[in-house]
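In what follows, chains carry the letters A, B, and so on, assigned in the order in which the sequence lines appear, proteins first and then strands, with residues in each chain numbered from 1.
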Amino acid sequence: MRLPAFSQRMLLLSIGTGSTHARVLAVSSGRKREGGAALERSCRALEQTAAMPVQLLKIVKGKLETQLPSHLQREELKHLQIGLDHTNKYFQGIVILSYPLTKLGDGTDFFKIVLQDDTCSRINSLNVLIYGKMAEDCAKLIRNGDTFVVAGFKVAESPTAKEDGRHACHLQVSEEAGSAIYICTQPSITPFSETTSASVAPKYVYTPLNCLKDGTVVNLYGIVKFFKPPYVSKGTDYCSVVTLVDQSNVKLTCTLFNGNLDSLPKIYKNGDIVRFHRVKIREYNGQMQGITSAGFASLTFDGTVGAPVVPRASSKVYTFIDEEQKTVEELRIWAASNLSVSGPEAKLSDVKPMMFFDLTCQLVGKAKVDGSSFLLKIWDGTKCPYPTWKVPVEAKELEGDKVLLHHLRNLAVDVLVYDNHVQLAKSLKIGSFLRIYSIHTKQASAKNEDISSHIEFHLHGGTCYGRGIGILPENNPDVEELKTFLECVELTDSQNMESTSSLELGDTFDNDTDLESPLQRCQQLSATVLTDHQDMSNTMLKTVLNSRAPQQYRIRAKLRSFKPQKLYQSVKLHCSKCNTLQEVPNGDAFDFILQGCEATAPNPELQSMSWYESVMWTTQDENRRKITIHFVKHYEMLQRPENTLLMIEGGTLKEIWKLTRRFKCVIPVKSKEDDLELLDLSAPFLLQGNIKYYGCKKCSTPKSIKNLSSLAEKREPSWEPTEIAQVLGIEPLQYVFVMKFTLVDGTGALNAYLFDYEKFFQIPASEILTNSFLQQKMEMTMNTLSPPGRKLDDLPWLECFIKSYNIADGTKHQVYYQIFDTTVAEDVV
DNA sequence: TTAGGCTTTG
């Protein structure tokens, strides 16, 4: 056995009362000062929990007084085969993984561990299935890193070998089969710290939800299927109701109380995963129910497959060990294919007159309305497509930054909260990020014909449907996403969010002077400005039209019309190498390619290579799709999701979009014999945020996907699409606006082409198709440059640079014009 | 003690 040379003690446990040949032998070691006490605690804990005889044995200079029975010989991993005689053999390995203790259908305890062969430098692992009393005992004792020795095992074919890539056989171990287990525990690394005293405390046992008994206090893991965010109860405490489900498919509703909001689980979404310690189980109305008992503690985890396993704790001190991380990951994978947890989330821009939804937003103002209702002014950066209700409140009651509230007056909406939510609403801090659950939108019919009907936002009293208000921390991924979005919105003047033709009217609704009124903007100023060549003088269009190409001009003209009128028709993909333009493929084409890939099974040989870690699972629907995600590592470590590049095999369009919301980069791939490869180039080679990046079919020469590892080795991989394209041998296509402007200046009219990646509109062409905010901005810009239904005299002037050039079209030459070095004025965008 | 979700509406 592998034992450290310094002071060690050994603990011998004979288990299975009456059984002489089935034994668990645990060897514990520790530093001199601490070893004795820790061991004593362990022994006492074991005596209490298992009522087993405990015997302390002394080890001198790393040698065990008690050796393994002399007839036993070590068996190598490669010699484990079905049908061979392993009677006098033992197998030894390091525990690299252990699963939660569960019960089989017949009530037998079952415990599964994974051993790694410690004689071989190559990773070689084997599943060991332990049944009955031995399972229970091992679950209490075993930690990752322990040396595990087993004799008297049965060798059987491993049904999961194909999936987990471990040894083709597994070992079956039980008292009944006459097995013997010897465990050598790993010495503690930090003997005096809090974690160590926790690690020698009795190991927590987690009860599956189908094994709960009335009157017990248990520890649980579960996926949140439903929850009510903490609300003020009628007693002295906050209350939160949480319904969990686990792999047994049994549900448990827990009612949790605490006077301190932070001591309740920090659940933000259905699908989050929780670990509860010390929940009391009671029977209520014929069903099991969980309730807080003394010392209740919880950890909550994001339920997204592949997201970092970072607990949100309800107490300052908690234990969390590697194998628990595995439990969380397994629950995530189970949930991904067995549960549908898509919530009724929506943005303000998605609202309809009659709906209930969850809104993630920032609080910008609040006010007392009356005894039973309270006003929250919130925004999420998007614009509600309907006029919204403004709740009348006394000015002195309104809390919040007045200038900001004025700025956001067209984006912020009033939410009226009622009854039990008032107290919590009052305590909210301006600027905090909230998720308001089950907000109701209601269309108010116009009583007066002069006032158009508007939409009202209500958070009704009561807590059914999980109605309530949750306070999200700044580091919540949804909050981080929202903050980034809000910053973009704030960069632009929200004046322009108005859909009025502001050039002529100004703002009739307020008299504030701290913001520039559109009237103050001189209409004679150009709606576009030049970014260079300021010293050039203007040329009349008549002169331009009568001159030879190629030349460059500065002109002052009005935009009489433009084409195409439909935004999506103006966005194209351009290859700067072969200079061709093509249409942006629609989502169906991508979906079709993905469906075509479903037939290609992921190659197990390509799972978890040195530079990426893979997770594979099978969907539970009739298609039994195999999905594999390969997370690219950085210095052998997984990164935070927002910095992570992943490759996916077998995902649907929807699944891929979902991943792009959490992870920096997503690359759809498929397996071939010896490597992963990109899909057909009609599909995007990369998805980042909302943007699909395509490669030019003509100019690309795809290279091995392994080249990505060179980018991952950089100090801080930026995952720039151009760099990714380069290492993958892809010639990237760029999104570009292509439009035809008909310009007039009273002396003549000419058509000038706009070919713009970003500069002219100050809107990236790559983002506009998937960003409704940018679409609104674009629409407003075009409405300003060329207001529909307006006479020529009323149109704004545009200052532009244009260049003329010749195109030989068959036999005739034609002169074309293109706009350059021009941008829309800052007060227009 | 409180709430015990399976349903919402000023």
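Counting to the nearest Å, the P atom of B:dG10 and the CG atom of A:Asn420 are 15 Å from each other. Between A:Lys228 atom NZ and B:dT8 atom P the separation is 13 Å, expressed in whole Å. Between the CE atom of A:Met354 and the P atom of B:dT8 there is a distance of 11 Å, rounded to whole Å. The CG atom of A:Leu244 sits 13 Å away from the P atom of B:dG5 (whole-angstrom rounding). In this structure, A:Arg282 places its CZ atom 8 Å from P of B:dT1, rounding to the nearest Å. The interatomic distance linking A:Ile439 (CD1) with B:dG10 (C1') rounds to 16 Å, in whole Å. Rounded to whole angstrom, the span from the CG atom of A:Leu261 across to the C1' atom of B:dT2 amounts to 15 Å. Computed from coordinates, the A:Leu375 CG to B:dG10 P distance equals 18 Å when rounded to whole Å.
Rounded to whole Å, the P atom of B:dT9 lies 15 Å from the corresponding atom of B:dG4. Nucleotides B:dC6 and B:dG10 are separated by 23 Å at their C1' atoms, to the nearest Å.
Between A:Ser263 and A:Ser314, the side chains place no donor N or O within less than 3.5 Å of an acceptor N or O (distance only, hydrogens not considered). Side-chain contact, A:Arg278 with A:Ser293: no donor N or O sits under 3.5 Å from an acceptor N or O. Side-chain atoms of A:Thr463 and A:Lys228 include a donor-acceptor pair closer than 3.5 Å. Remark: the A:Tyr465 side chain and the A:His440 side chain contain no N/O donor-acceptor pair separated by less than 3.5 Å. Side chains of A:Thr652 and A:Glu655: a donor-acceptor N/O pair is present below 3.5 angstrom, by distance only.
The base of B:dG10 sits within donor-acceptor range of the side chain of A:His460, with an N or O pair under 3.5 Å.
A:Leu256 comes within contact range of no nucleotide atom at all, as no heavy-atom separation falls under 4.0 Å. Note on A:Ser373: nothing from the nucleic acid sits closer than 4.0 angstrom, heavy atoms only. Contact annotation for A:Gly466: no contact, since no heavy-atom pair falls under 4.0 Å across all strands.
In terms of position on DNA chain B, the residue among A:Asn285 and A:Ser438 whose nearest nucleotide sits closer to the 5' end is A:Asn285. Across the interface with DNA chain B, nearest-nucleotide mapping of A:Thr253 and A:Thr292 shows A:Thr292 to be the residue nearer the 5′ end.
Looking at the side chain of A:Lys234, the nearest of the listed nucleotides B:dA3, B:dT8, B:dG4 is B:dA3. In the set B:dG10, B:dT9, B:dT7, B:dT9 carries the atom at the smallest distance from any side-chain atom of A:His440. The listed nucleotides are B:dG5, B:dG4, B:dT7; the one nearest the side chain of A:Tyr465 is B:dT7. Closest approach to the A:Thr255 side chain among B:dG4, B:dT2, B:dG10 is made by B:dG4 (side chain taken as heavy atoms from C-beta onward). Comparing atom distances between the A:Tyr231 side chain and each of B:dG4, B:dT1, B:dT8 picks out B:dG4 as nearest.
A:Asp109 and A:Lys103 are joined by a salt bridge, as a carboxylate oxygen and a charged side-chain nitrogen come within less than 4.0 angstrom of each other.
Ring-base stacking between A:Phe226 and B:dG5 is satisfied, the centre separation being under 5.5 Å and the plane angle under 30°. In this structure, A:Phe257 forms no aromatic stack with the base of B:dT1, since the conditions of centre separation below 5.5 Å and plane angle below 30° are not both met.
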